[in-house]
Asker: 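Dumping the structure here so I can ask a few things about it.
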Number of protein chains: 2
Amino acid sequence: MDGGIITKKPSVTSSQVAEHAGVSQSAVSRTFTPGASISPKTRAKVLAAAKELGYRPNAIARSLITSRSRIIAVVMAYLENLFYPDVLEELGRRLAAENYHVLLFTGFMDRDSDPVFDQLMQYRVDGIILASTSLSSQLSEECTVAGIPVVLFNRTTEKAAASSVTTRNREGGRLLAEFLIAGGHKSFGYISGLENSSTNRDRLIGFREGLKAGGFSKIEVRTGNYNRADAEAAARELLSLPKRPQAIFVANDHMAVAVMDVARYEFGLTIPKDLSIVGYDDVGPARWPSYGITSVTQPIMPMAEATVDILMDQIASGEIEPQHRVIPGELIVRTSARLPKTGIVERDGVKFYKSAATR
Amino acid sequence: MDGGIITKKPSVTSSQVAEHAGVSQSAVSRTFTPGASISPKTRAKVLAAAKELGYRPNAIARSLITSRSRIIAVVMAYLENLFYPDVLEELGRRLAAENYHVLLFTGFMDRDSDPVFDQLMQYRVDGIILASTSLSSQLSEECTVAGIPVVLFNRTTEKAAASSVTTRNREGGRLLAEFLIAGGHKSFGYISGLENSSTNRDRLIGFREGLKAGGFSKIEVRTGNYNRADAEAAARELLSLPKRPQAIFVANDHMAVAVMDVARYEFGLTIPKDLSIVGYDDVGPARWPSYGITSVTQPIMPMAEATVDILMDQIASGEIEPQHRVIPGELIVRTSARLPKTGIVERDGVKFYKSAATR
DNA sequence: CTCGATCTTGCATACGTATGCAAAGATTGC
DNA sequence: GCAATCTTTGCATACGTATGCAAGATCGAG
């Protein structure tokens, strides 16, 4: 641990501004506190003195007094899945618009997340956003007692102590099953994400239900753990089966592009002629023409908006009763899977598949 | 601005722990301050009381007293370029290992960055990492006066007030020129990043120098602004020229994959038979077999390591004289460009191009 | 046992800001 | 002009923690 002292000019304090402006420190504080009572004349004097001295209010001191740091902890175990950087950027933008700031915890894929939680709690954050990671019931309870709003992004929990923003994963899985059956596929594979992820579980459940409704009950399942290397390995296993599935549903697009690479470059398959691949979340590369993944969308903007809305509402009201927002997605049709004869609609030059039940 | 009050149980204070343990608040503080003097017996009493009461030290209060927040501001205007999420994850990991935390400012691509700077300075951050954005001389001076270390990541500046971590962009550009000439290319294009970016400038300078040394002086230059849409537009312009360049050097791989998509899917070109494409930074998708971009590497780990080392050194010593680290990259050869007959070396199953001068 | 050196402890204070409250000043209506 | 009411201001204090310093306790050597 370092023990050095930084030789530097101390920051200008509100007391120095007060002396310079010929008013009290209290007047300076009120000048910089939105909604506080200060006369226009005094305000002008304070602002002039502050500018001349290069004063910047100390957010740390203010946090201590107001019990409000205006810091939101965002926990993302990894950024490898290209969906999460987009989410992070959008969250950062929206939180900044509300004058909140992101304390980011990331890069602990292979480590226990308890130290992360300990650290963020020390900073007395105003709220917590958990993406791609979960919260134990003990820690959840602590947040509840402390009155700190928690929003699970793209996760759900049975514990019901945290709010959540998700998409209709189960319906998405079902819709994909229907789409593949309508395209004439007779055998199916599924590459899952993490076993303990609610999104993964729901997507598979929906897929099973959809296949079952079409008279299919067998799925070859392999685990991709939401990362590229494991997805590649899972793809190799599925594609090496004596009876290769005609279609593979990959639990997210980050893995789907890896599966497509393996299929084309290691097994020499043509997509979608030899094999159909469908994914979930419609992240960056899935949209690129080199992949063109047919995928259920997870609309980042509405999800980020809902997340920030919940947080702001709970912080403002002091009421942290869990709120759950479910954002609908759509099955966007590209080039990675064989098409059904019906059910494809086009809107703004983009093709979507609509379930028979909702057409 | 919100005005509500959060109804919640206040956090446990060190004074409450002290009372519970039958010692002074000072003893509690010393128990949680690394290196402070505290007897094993008293420490045990305090830790037991702290655990029983669920005490978590208040990092905000400690920051106020110690003038050290242990917060590092990381400024990344956008995360669209897939290089930066990887960088961010690695920085987060390394900073956490030093018990520092990332206050992230992102998502302001189209906005002035001054408000960002104002906000981060209010939090009395211990250091600043600027990636994909610059610092005005006025703000740079303010950091110097305040003794706050600033490290430019993947940027340089003539102002010399900030430290920097870069790669050999100029040499990389030169090496790519040599590689393309050796592969028999006779006409060249360049899709640039941002006009005001030092990395972009140096890559183009190096490319010009390398081509000139090989007897070529003409380059068709278009601007891609480091984003996909503008890179696509630039590619369309270059590929629509009466005399299409045989090779295009794209200023970063985020844009290079877009250029390849346009070439293949809009112009029906075969890579590298009809057109060679080379890039810079070797980011995620560039490595995927669907793209296989031949590219100069920007090794994230050593760069992140150097960045954090500089910061830790400067924070510990109080000495913020600018330090500049230049991390060498290599030209990694994949499938996006025609190969020269000589100069290719293989190491661990990966091919590299070595300049004649360094072979 | 004594003394000097070293460790431990609690008291008092500071950090920089926001805010409750009483007093003073300003404004409005009769 | 005066009373009522509203606005503004500065004083005193608090937030939760770390630390300088003096006093007390402990340890080791002579």
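When reading the values below, keep in mind they use all heavy atoms of this one structure, side chains included, and skip hydrogens, waters and symmetry mates. Nothing here was measured: the structure is a model prediction, and the numbers come from that model. Naming convention: chains lettered A, B, ... in sequence-line order (proteins, then strands); numbering from 1 in each chain.
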Asker: Distance check, rounded to the nearest 0.5 Å: A/H20 atom NE2 versus A/L53 atom CG?
Answerer: 4.5 Å
Asker: May I have the distance from A/I65 (atom CD1) to C/dA18 (atom P), rounded to whole angstrom?
Answerer: 8 Å
Asker: Side-chain contact, heavy-atom cut-off 4.5 Å: B/N58 with A/Y123?
Answerer: no
Asker: How close or far is atom P of D/dA18 from atom CZ of B/R70, stated in whole angstroms?
Answerer: 12 Å
Asker: Under a 4.0 Å threshold between the charged nitrogen and the carboxylate oxygen, would A/E98 count as salt-bridged to A/R94?
Answerer: no
Asker: Which part of the nucleic acid, if any, lies within reach of B/T66 when heavy atoms closer than 4.0 Å are counted: base, sugar-phosphate only, or nothing?
Answerer: sugar-phosphate
Asker: Just checking B/F32 against B/Y55, ring centres under 6.0 Å apart?
Answerer: yes
Asker: Quick one: A/I60 CD1 to C/dA18 C1', roughly how many Å, whole number?
Answerer: 15 Å
Asker: Whole angstroms only, please: what is the CZ-P distance between B/F32 and D/dT17?
Answerer: 10 Å
Asker: Produce a footprint string for nucleotides 7-12 of chain D: one letter per nucleotide, 5' end first; B if the base is under 4.0 Å from any protein heavy atom, S if only the sugar-phosphate is, - if neither.
Answerer: -SBBB-
Asker: For A/R62 and C/dG16, give me the distance from atom CZ to atom C1', rounded to whole Å.
Answerer: 11 Å
Asker: Can you tell if the side chain of A/V87 reaches within under 4.5 Å of the side chain of A/M76, non-hydrogen atoms only?
Answerer: yes
Asker: C/dG16, OP1 or OP2 - any side-chain N/O from A/S14 closer than 4.0 Å?
Answerer: no
Asker: Is there a residue in residues 50-57 of chain B whose heavy atoms reach under 4.0 Å of DNA chain D, and which residues are they?
Answerer: B/Y55, B/P57
Asker: What is the distance, rounded to the nearest whole Å, between atom CD of A/Q122 and atom C1' of D/dG16?
Answerer: 13 Å
Asker: Compare the minimum distances between each of C/dT19, D/dA18, C/dT17 and the side chain of A/T33, then state the nucleotide with the smallest one.
Answerer: C/dT19
Asker: Any Lys/Arg nitrogen of B/R56 or A/D118 sitting under 4.0 Å from an Asp/Glu carboxylate oxygen of the other?
Answerer: yes
Asker: In whole Å, what is the span from the OH atom of B/Y123 to the P atom of C/dC15?
Answerer: 22 Å
Asker: Is any side-chain heavy atom of A/L103 closer than 4.5 Å to one of A/I72?
Answerer: no
Asker: Does one side chain, of A/R325 or A/Q323, offer a donor that lies under 3.5 Å from an acceptor on the other?
Answerer: yes
Asker: The side chain of B/R124 lies closest to which of these nucleotides: C/dT17, D/dA18, D/dG16?
Answerer: C/dT17
Asker: Indicate the ring-plane relationship of A/Y84 and A/Y78, choosing parallel, tilted or perpendicular according to the 30° and 60° boundaries.
Answerer: perpendicular
Asker: Rounded off to whole Å, could you give me the CD-to-P distance for the A/Q16 and C/dG16 pair?
Answerer: 8 Å
